[in-house]
**Student:** 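Just dropping this structure here.
Side chains included, hydrogens not; waters and symmetry mates left out as well; all remaining heavy atoms used.
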Amino acid sequence: MTMTSAKIRQAFFDYFASKQHQVVASSSLIPGNDATLLFTNAGMVQFKDVFLGQDKRSYSRAVSAQRCVRAGGKHNDLENVGYTARHHTFFEMLGNFSFGDYFKREAIGYAWQFLTEVVGLPKEKLLVTVYATDDEAYDIWLKEIGVPAERIVRIGDNKGAPYASDNFWAMGDTGPCGPCTEIFYDHGEHIWGGPPGSAEEDGDRFIEIWNIVFMQFNRQANGDMQPLAKPSIDTGMGLERIAAILQGVHSNYEIDTFVALIKAAAEITGASDLTDKSLRVVSDHIRSCAFLIVDGVLPANEGRGYVLRRIIRRAVRHGNKLGAKGAFFYKLVSALVTQMGEAYPELAEKQAVIEKALRLEEEQFGKTLERGLTILDDELANLTGSVIPGDLVFKLYDTYGFPVDLTNDVARERNLTIDQQGFDAAMAAQRKRAQQASNFGADYNATLSSHQQTAFTGYEHEFGDATVVEIFSDGKAVESLAAGVSGLVVLDETPFYAESGGQMGDSGKLLLAKGGEFNVADTIKLGKAFAHQGQATAELRVGDKVAARIDSERRAAIKQNHSATHLLHAALRQVLGEHVTQKGSLVGPDRLRFDFSHFEAVNASELRQIEQLVNQQIQLNNPLQTRVMPIEQAREAGAIALFGEKYDEEVRVLSMGDFSIELCGGTHVNRTGDIGLFKIATEAGIASGVRRIEALSGQGALQYIQQLEQQAAQAAGLLRGDMFSLADKVQQALDKNRGLEKDIEQLKAKMASQAGSSLENQVQQIAGVNVLISAVEQADPKSLRTMLDELKNKLSPAVILLATVNDAKVSLIAGVSNELTGKVHAGQLVAWAAQQLGGKGGGRPDMAQAGGTDASALPAVLNSARQYISDKLNG
């Protein structure tokens with residue numbers, strides 16, 4: 001019986017669990033605390049700190065099925081997806097790991113036993129590689145496993161190797177590294193390709209299915225290879241690749257998971273050819289898009305969100321090629337949940353969020369796609385040669401938002417290429433222009449550094465004694481600061497909170513023991529030192545004793561707003577969904593600002609619900625609890641951490657009852673009731689997929705509400721009512737205003753009709769046609785249109801040009817009877833007139849409008865218009 005992908009995954013878990021491996025869940029696609037990676041792209045990523053010796057787990061053996069994305073950054077397979085048998089933006093990496101436990105012999109044995117005994121691959125179909133100088137691995141394969149010498153290939157530095165290649169893995173330029181051994185499957189002589197290391201190795205006959213890294217060295221900066229005290233094992237086997245072999249197919253797109261997704265995509269798009277490469281693209285991309293959204297990524301214009309947007313847009317374009325009408329991509333989510341929801345239940349839990357995010361992005365891109373393809377088709381129709389110019393590719397990208405990879409896709413389908421170098425040059429020029437346009441001065445504080453370490457006492461105290469350990473002035477370290485001079489003062493300990501995590505730094509005073517003071521306007525971090533920014537009223541020297549006193553009233557307001565921000569974050573996730581993640585914040589004494597990921601505007605009903613939830617928590621008056629614990633324990637407890645944020649091994653966890661639990665190093669109120677009151681002021685979008693809420697708490701919120709009440713009372717008074725009848729009074733005023741506007745429009749129409757009748761006296765005959773050219777006083781563009789329609793009906797056959805001046809701006813309108821449009825084109829007539837008036841315009845052959853700015857030229861233009869029309873009629 002053929003093994004499904006799900007059964008292969010489970011068999012892998014079961015086998016290694018029987019070998020005392022801890023089954024570890026797949027980590028997020030967003031690498032935690034790793035700025036070197038855009039996405040998780042291998043199984044070892046979540047164990048990176050363990051291999052580096054910076055973390056220790058409760059187990060020394062692990063097995064996992066890690067979801068991976070390779071669609072941006074260093075590892076990017078996006079361009080190949082759909083056109084090869086084995087490239088994907090999303091794949092699952094099966095892996096077993098040893099952290100200083102077993103090594104080469106066991107790792108090789110486990111891999112061979114799983115492949116040949118558990119899933120039953122024929123031994124004669126397998127070929128292995130070892131690093132050229134790794135005689136230990138070679139002997140294990142040859143003498144202990146029994147692989148014939150002719151099916152063991154040495155790869156590397158040519159020592160005993162018939163071919164030159166690379167089979168050595170390194171985490172980076174320095175750090176853990178070691179030789180690899182790889183296992184390949186031979187698909188047979190009927191498929192082109194040679195063994196690894198040969199000139200034909202890029203063929204599809206021999207496919208790598210398992211890579212085992214023997215992590216045994218620590219490479220130094222000078223290149224020295226020092227043996228690791230605890231050699232480790234890192235392995236990886238692509239689930240899709242092994243599934244293709246076990247299911248008797250050659251392409252990954254023919255395995256059970258993809259067959260089901262391709263069928264679903266064909267049904268949704270109306271495609272009939274199940275071998276169409278576009279179906280492969282769509283079925284691959286739904287996997288990466290859905291899992292990225294599950295892990296908190298939303299479409300955006302930069303970073304991970306931009307990569308997601310590119311993948312979605314590529315899928316949408318291929319869907320349109322297949323015949324899809326309207327938004328279709330989001331409909332594939334249910335098919336994906338059916339295929340992978342059991343292994344990854346978070347897919348089903350967030351299905352609605354995934355579908356909504358995809359649908360909104362599809363609808364937004366639909367307009368871009370249609371416009372960009374039309375422009376591209378027009379340009380390609382006149383293309384000479386087989387290369388699309390780089391400036392055209394850039395124009396499509398920069399002006400119309402048409403992604404470069406989609407232009408590349410179109411080019412590939414038409415046997416064309418793009419001028420990548422020309423595009424890159426245009427992009428570089430644009431960046432240079434942008435830099436020149438925003439040449440702001442640099443903050444000199446950003447260039448300062450301190451080796452001091454300040455102890456923060458502000459959680460418990462608002463004042464305390466301290467010693468000055470460092471002083472900066474004009475960007476340099478100094479021994480003293482004269483009276484009246486501004487600078488930065490570093491203390492050995494301080495109750496002043498330094499700006500961090502969105503919370504503003506404290507202000508206050510440093511009282512000098514010898515007299516005088518240093519007025520602190522702000523507090524910032526210089527490494528682990530807290531620098532107090534301000535001005536001295538007396539000389540201040542390194543070594544001086546001071547009494548540090550913060551502005552308690554300001555700190556209290558900041559604490560209220562900071563604690564309210566945590567409640568707001570929790571309320572947003574409860575009302576809008578757990579896809580909401582913090583994208584930035586600002587916590588000051590007068591207000592709070594919170595940026596978060598969400599794909600559409602938060603409506604009035606949702607805002608009321610969010611505001612109500614926060615105020616309910618305030619009324620519950622729950623105590624705020626802080627605990628310091630290991631980062632992993634904090635995550636297990638459900639604490640929200642920011643992706644990409646660097647946390648120490650020990651973190652501070654802040655809890656407000658069961659409603660909110662987050663990692664936070666800021667200052668907060670003692671109980672939620674201390675916040676007093678919470679009020680949302682504004683909600684708006686600040687970037688694609690990012691919204692911003694500005695709000696107030698405590699006394700600031702009360703003052704804001706009082707101001708609203710005052711304005712409402714004033715408005716009600718003007719309408720001779722009170723606040724409770726304000727809405728009715730406003731509606732009555734609007735209704736009355738609409739009635740008056742209707743009366744005015746009717747009056748204008750009547751006046752226009754009368755004016756039109758008087759204009760009939762100005763009609764001239766030219767070539768048997770009624771021609772009317774006139775300037776009309778006190779008319780608006782709408783009145784001109786009404787006048788024109790009536791005159792055309794009365795004077796036909798006719799050519800009419802009318803003008804009026806309002807606020808020194810000229811409005812023109814031309815009308816031509818249908819039987820005359822072959823001689824006089826109304827759009828060309830007004831364009832000709834508008835050009836002489838410093839404007840532009842145009843329109844249909846029978847009716848067109850335009851405008852101009854030079855009213856003084858109007859009489860001359862109208863006079864010359866008679867000759868223009870005469871030439872056309874007599875031509």
**Student:** Would you kindly say whether N96 and Y102 are connected by a side-chain donor-acceptor distance under 3.5 Å?
**Tutor:** yes
**Student:** Under 4.5 Å between any side-chain heavy atoms of N41 and V69, yes or no?
**Tutor:** no
**Student:** Pick out which of L121, I207, N252 makes a side-chain contact (heavy atoms from CB on, under 4.5 Å) with I242.
**Tutor:** L121
**Student:** Taking all non-hydrogen atoms of both residues into account, name the closest pair between V282 and G319 and its distance.
**Tutor:** CG2-N, 4.0 Å
**Student:** Hey, is the main chain of M215 close enough, under 3.5 Å, to the side chain of D234 for a donor-acceptor pair?
**Tutor:** no
**Student:** So does Q113 have more than 12 non-hydrogen atoms from other groups sitting under 6.0 Å from CD?
**Tutor:** yes
**Student:** Side chains of M3 and V119, heavy atoms from C-beta outward: is any pair under 4.5 Å?
**Tutor:** yes
**Student:** Would you say CD of Q421 has more than 12 non-hydrogen atoms from neighbouring residues, nucleotides or ligands within 6.0 angstrom?
**Tutor:** no
**Student:** Check P176 against W169 and note the closest heavy-atom contact, atom names and distance.
**Tutor:** O-CZ3, 3.9 Å
**Student:** Angle between ring planes, F291 versus Y344, binned at 30° and 60°: parallel, tilted or perpendicular?
**Tutor:** perpendicular
**Student:** Between P31 and L38, what is the shortest heavy-atom contact and its length?
**Tutor:** CD-O, 3.7 Å
**Student:** Quick one: which residue pairs count as a salt bridge (Lys or Arg N to Asp or Glu O under 4.0 Å) with a foot in residues 203-218, not counting sequence neighbours?
**Tutor:** R86-D204, D186-R205
**Student:** Q46 side chain to M44 main-chain N or O, any donor-acceptor pair under 3.5 Å?
**Tutor:** no
**Student:** Out of curiosity, I286 CD1 to L358 CG, how far, rounded to the nearest 0.5 Å?
**Tutor:** 5.0 Å
**Student:** Check D135 with R154, please: is the shortest side-chain N to carboxylate O separation under 4.0 Å?
**Tutor:** yes
**Student:** Can a side-chain donor-acceptor contact be found between E117 and Y15 if the only test is distance below 3.5 angstrom?
**Tutor:** no
**Student:** Under the 3.5 angstrom rule, does the side chain of R61 hit a backbone N or O of K19 as a donor-acceptor pair?
**Tutor:** yes
**Student:** With the side chain counted from C-beta on, respond yes when F97 and I233 share a heavy-atom pair under 4.5 Å apart, and no when they do not.
**Tutor:** no
**Student:** What are the two closest heavy atoms between G109 and I145, and how far apart are they?
**Tutor:** CA-CD1, 4.2 Å
**Student:** Regarding H88 and R70, do their side chains bring together a donor and an acceptor under 3.5 Å, going by distance alone?
**Tutor:** no
**Student:** Report the residue from L127, T129, L142, T181 that forms a side-chain contact (heavy atoms from CB on, under 4.5 Å) with I152.
**Tutor:** L142
**Student:** Determine, for R313 against E361, whether the closest basic-nitrogen to carboxylate-oxygen distance falls under 4.0 angstrom.
**Tutor:** yes
**Student:** Taking side-chain hydrogen bond (donor to acceptor under 3.5 Å, both in side chains) as the definition, give me every residue that meets it alongside D139, ordered by chain and number, with sequence neighbours left out.
**Tutor:** none
**Student:** When you compare the side chain of L29 with that of R67, does any pair of heavy atoms fall below 4.5 Å?
**Tutor:** yes
**Student:** Are E240 and R287 ion-paired here, with the side-chain N under 4.0 Å from a carboxylate O?
**Tutor:** yes
**Student:** Would you say that F114 contacts M237 through its side chain, given a criterion of any heavy-atom pair below 4.5 Å between the two side chains?
**Tutor:** yes
**Student:** Of all the heavy-atom pairs spanning A243 and I255, show the shortest one and how long it is.
**Tutor:** C-CG2, 3.8 Å
**Student:** Quick check: does any side chain N or O of D284 sit under 3.5 Å from a backbone N or O of T89, one acting as donor and the other as acceptor?
**Tutor:** yes
**Student:** If I compare all heavy atoms of K230 with all of S232, which pair ends up nearest, and what's the gap?
**Tutor:** O-OG, 3.2 Å
**Student:** Would you say that I354 contacts L347 through its side chain, given a criterion of any heavy-atom pair below 4.5 Å between the two side chains?
**Tutor:** yes
**Student:** Tell me, do D14 and F12 make a side-chain contact under 4.5 Å, heavy atoms counted?
**Tutor:** no
**Student:** Is a donor on one side and an acceptor on the other found under 3.5 Å between the side chain of K104 and the backbone of A137?
**Tutor:** no
**Student:** Quick one: are the ring centres of F258 and Y253 less than 6.0 Å apart?
**Tutor:** yes
**Student:** Taking ring pair (Phe, Tyr, Trp, His ring centres under 6.0 Å) as the test, write out the residues that go with F217, two or more places apart.
**Tutor:** none
**Student:** Quick one, I245 and I209 - any side-chain contact, counting heavy atoms below 4.5 Å?
**Tutor:** yes
**Student:** Does the Q247 side chain pair with the main chain of D256, one donor and one acceptor, at a distance under 3.5 Å?
**Tutor:** yes
